[in-house]
Amino acid sequence: MGIKKYDKIIKITVPTPFPIGDVNTYLVKGDRLTLIDAGINTPEARAAFQLGVAEAGYKVSDIEQVILTHHHPDHIGLLDDFDVDIYGHSYCGNWISYNESFLNWRREFFIDLFRALGVPQEMIQLANNLDNTLKFGCEKSVLTGELKEGDELPALPGWHVLETPGHAQSHLVFYREKDGCLLAGDHVLKSVSSNPLLEPPSVRGAERSKPLLQYNNSLRKIMYMDIQQALTGHGNDIKSIHSLIERRFARQHDRAMFILSMLKEKPMTIFEVCTKLFPEIYIKETGLTLSETTGQFDYLLERGDIQVETIENGVIYYRG
Ligand SMILES: [Zn+2]
């Protein structure tokens with residue numbers, strides 16, 4: 001918690017009840033005082049945010065616009081406190097003011113997906129666990145402007161948008177060329193790897209995305225950029241992002257090879273592998289652990305290392 005100052009940027013850190021710990025928001029002074037990401041909707045985070053803004057020499061009512069790196073609850077939580085323009089990827093719209101029809105569709109998407117992954121019938125209701133974090137987000141905010149690849153950020157001259165889907169379908173990072181500063185959201189974090197999460201497609205009925213493959217492409221996108229400093233959504237700033245990205249790639253590949261060795265022994269479903277990789281937490285953290293496992297399968301399939309062995313009652317078995 002507390003604040004940290006950079007060139008026209010002030011980092012305000014607030015607590016979350018999530019395993020990831022604190023979340024960072026940033027005030028950027030441009031033609032408008034801009035907030036990058038809006039923390040999480042808890043009384044503790046709200047109090048810490050208000051204190052941070054005051055320490056920075058402002059009032060919350062001085063903030064003139066909010067720009068989102070992505071739509072996850074710990075980055076949109078305090079949005080309902082503002083009556084200003086809100087910018088982000090178009091995918092954010094459904095999440096900052098969701099309705100029952102959207103939530104039902106999301107549940108159905110995950111129930112169908114979980115079946116194909118081999119989640120047993122009696123555990124399919126785990127899909128409902130995915131709603132547990134919604135209360136930490138906001139529910140009646142409106143996206144007033146959509147940001148796309150290459151856009152200059154409104155009222156922040158010199159800052160440009162890069163689309164970096166993977167951790168979230170809505171994920172964007174913002175780059176200031178003059179000093180190589182990257183507002184990185186959760187695209188790369190210093191002390192933990194970002195989870196590429198399974199999420200419903202933006203168009204109902206479309207194929208599911210392959211978040212780990214998207215994520216790796218999005219890492220490659222920033223790999224050779226001149227980034228002097230990355231200010232992230234959680235934890236400390238990153239100075240040497242390129243070597244960190246190399247380590248993330250290597251670790252992910254090693255995990256995939258471990259799964260490949262399991263699938264060479266016998267064909268399995270994604271759920272079976274998930275329970276072996278995460279025996280302690282797969283029930284509580286269903287979304288995270290199934291996302292991680294599915295991502296590795298997508299990676300192995302793309303490389304041609306594994307194949308579909310058989311499909312029984314819609315459940316897919318793979319072999320190495
Ligand atoms: Zn986050």
Side-chain angles (χ1 to χ4, degrees), residues 1-2 4 9 11-28 35-42 44-46 48-49 52 66-81 86-89 91-92 94-96 98 129-139 141 143 147 161-174 182-199 209 211-212 214-215 218-219 222 230-238 241 244-245 248 281 284-292 295:
M1 270 158 288
K4 185 174 172 188
I9 304 175
K11 175 183 189 174
I12 301 176
T13 303
V14 306
T16 84
F18 293 172
I20 186 82
D22 295 349
V23 65
N24 303 321
T25 69
Y26 296 90
L27 282 179
V28 185
L35 177 66
I36 306 287
D37 286 350
I40 189 163
N41 186 11
T42 65
E44 295 80 10
R46 183 169 284 104
F49 179 70
V66 185
I67 297 179
L68 302 172
T69 61
H70 62 296
H71 69 279
H72 291 164
D74 50 337
H75 298 258
I76 63 170
L78 300 176
L79 270 189
D80 289 348
D81 293 8
I86 299 170
Y87 297 90
H89 190 284
Y91 189 91
C92 294
N94 273 327
W95 295 93
I96 63 176
Y98 51 85
N129 290 356
L130 298 163
D131 289 347
N132 292 347
T133 58
L134 286 173
K135 63 175 181 289
F136 296 113
C138 58
E139 52 183 319
S141 292
L143 200 65
L147 299 175
V161 175
L162 288 107
E163 294 183 6
T164 49
H167 172 65
Q169 290 305 304
S170 60
H171 205 287
L172 306 172
V173 299
F174 312 122
L182 187 77
L183 286 163
D186 290 358
H187 187 36
V188 188
L189 300 175
K190 188 166 188 181
S191 51
V192 291
S193 53
S194 306
N195 282 302
L197 293 178
L198 285 168
E199 292 177 325
S209 57
L212 178 63
Q214 290 176 308
Y215 182 70
S218 296
L219 280 184
I222 64 165
L231 309 185
T232 58
H234 303 271
N236 292 329
D237 317 335
I238 303 169
I241 199 165
L244 184 64
I245 292 173
R248 295 278 185 266
I281 56 166
K284 189 156 178 277
E285 296 289 353
T286 317
L288 283 180
T289 54
L290 275 175
S291 291
E292 163 69 25

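Atoms within each ligand, like the ligands themselves, are counted from 1 in listed order. Excluded from the calculations below are hydrogen atoms, water molecules and symmetry mates; all remaining heavy atoms, backbone and side chain alike, are included.
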Approximate separation, where rounding is to 0.5 Å, of Ser170 OG and Leu68 CG: 8.0 Å

Asp74 side chain near Phe136 side chain, heavy-atom distance below 4.5 Å: no

His167 near the Zn ion (ligand 1) via N/O/S, less than 2.8 Å: no

The Zn ion (ligand 1) to nearest N/O/S of His234 below 2.8 Å: yes

Sub-6.0 Å ring centroid separation between His234 and His75: yes

Name, closest N/O/S atom of Asp74 to the Zn ion (ligand 1): OD2

Distance-only side-chain donor-acceptor flag, Ser141 / Asp80, under 3.5 Å: yes

The Zn ion (ligand 1) - name of the N/O/S atom of Asp186 that sits closest to it: OD2

